[in-house]
Amino acid sequence: MLIFIYDKETKRYMYPVSDYPDNYDLPANATTVKPVDSNGVGLYNPTWNESAHSWDSLTGEEWKKKYTVPEVKPVSTQGEQAAAQQMLAVADLQGKVVTLTSIVDKLSKSNNELNATLAQIMLQNATNAKNGGK
């Protein structure tokens, strides 16, 4: 036999017992009435009503108000905020270092090209001076 156990003091539904012997008396805190509504749908926080020999239930809205925990958004500590700001600053600096490295590389290449051109001009001038300006 299937029975439903409820708390002796609060009368709140606790659990079912599916294999209760048919020839035994029901415990004082048990019933064979299923904790469901007239459509067979489970109840919200069912409580046994001894005088009505039925289960009382909260509405869906009452249950949500009673048991839904409001969302708590984590608040970061000052240390965590400072660490996050430092990480952003480091990332910004790393980006600037990459940009500056690229600029320095381009300037070095241009400088090398200018030095090569200057060396060619100086060589040409030396050659011209040696040949008497011809």
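Heavy atoms only: backbone and side chains are in, while hydrogens, waters and symmetry mates are out. Residue numbers run from 1 in the order of the sequence given.
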Residues N49 and T47: side-chain donor-acceptor under 3.5 angstrom:
no
Starting at NZ of K66, measure out to CG of N45 and round the result to the nearest 0.5 Å.
5.0 Å
Main-chain N/O of V98 paired to S102 side chain as donor or acceptor, under 3.5 Å:
no
Anything under 30° is parallel, anything over 60° is perpendicular, the rest tilted; go ahead and classify Y20 against Y24.
perpendicular
Drop me the distance from R12's CZ to D56's CG, to the nearest 0.5 angstrom.
13.0 Å
Can you name the nearest heavy-atom pair linking K34 to L2, along with the distance?
CE-CD2, 4.2 Å
Hey, could you give me the CD/CG distance between E113 and N111, rounded to the nearest 0.5 Å?
10.0 Å
Please give me the minimum heavy-atom distance between H53 and T31, naming the atom from each residue.
CE1-OG1, 4.2 Å
Under a 4.0 Å N-O cut-off, is there an ion pair linking D92 with K96?
yes
Do N29 and D7 have side chains that get closer than 4.5 Å, going by heavy atoms?
no
When you look at E50 and W48, which way does the side-chain contact (heavy atoms from CB on, under 4.5 Å) test go after all the steps?
CA-CA 6 Å; E50 289 179 343; W48 182 245; 3.4 Å; yes
Hey, could you give me the OH/CE distance between Y6 and M14, rounded to the nearest 0.5 Å?
11.5 Å
Less than 4.5 Å apart, side chain to side chain, heavy atoms only: is that true for L114 and L118?
no
Establish, yes or no, whether a centroid distance under 6.0 Å links the rings of Y13 and W55.
yes
Rounded to the nearest 0.5 Å, how far apart are CD1 of I121 and CD of Q124?
9.5 Å
Quick check: are there more than 12 heavy atoms from other residues, nucleotides or ligands sitting under 6.0 Å from OH of Y44?
no
Got T32 and F4 here, is their nearest side-chain heavy-atom distance under 4.5 Å?
no
Group every Ile, Leu, Val, Met, Phe, Trp and Tyr by side-chain heavy-atom contacts under 4.5 Å, then state whether M1 and Y15 land in the same group.
yes
Determine whether more than 12 heavy atoms belonging to other residues, nucleotides or ligands lie under 6.0 Å from atom NZ of K65.
no
Is it the case that over 12 heavy atoms from other parts of the model lie below 6.0 angstrom from the CG atom of D105?
yes
If I compare all heavy atoms of I3 with all of L26, which pair ends up nearest, and what's the gap?
CG2-CD2, 3.3 Å
In this structure, CD of Q81 is separated from CD of Q86 (nearest 0.5 Å) by 12.5 Å
Can you tell me if E9 has over 12 outside heavy atoms packed within less than 6.0 Å of its CD?
no
